[in-house]
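What follows is a set of notes on a single structure, which appears directly below.
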Amino acid sequence: MSSHNSTATANDPRQPSAAKAFVAPMVSPQDLPVDYSGFIAVILGVAGVMFRYKLCSWLALIFCAQSLSNMKNMENDLKQISMASM
């Protein structure tokens with residue numbers, strides 16, 4: 001077994017010295033995708049208030065919580081969180 005293992009190591013075509021760590025590209029805040037759960041929360045909240053649908057209001061709260069939990073760290077300031085929850 002040891003001769004097979006040393007042969008496999010010698011014939012290994014991979015080059016660990018040439019491997020580079022993945023670095024995610026920097027994305028500006030203007031290029032981020034749209035927060036669909038926040039948008040749906042606003043639409044359902046307006047429908048719940050205007051038409052007095054309790055189901056729409058509850059769904060708006062759920063989508064708002066989902067949107068708040070998916071916020072990136074660079075977006076997390078107190079003003080942003082308070083406005084999103086209102």
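Considering only residues two or more places apart in sequence or on other chains, R14 meets the salt bridge (Lys or Arg N to Asp or Glu O under 4.0 Å) condition with D12. Remark: I40 engages L44, F63 in a side-chain contact (heavy atoms from CB on, under 4.5 Å) (not counting sequence neighbours).
The two residues C64 and A41 make their nearest non-hydrogen contact at N-CB, 3.6 Å.
Pairs passing the side chain to side chain donor-acceptor pair (under 3.5 Å) check and including a residue from residues 36-57, sequence neighbours excluded, read D35-S37.
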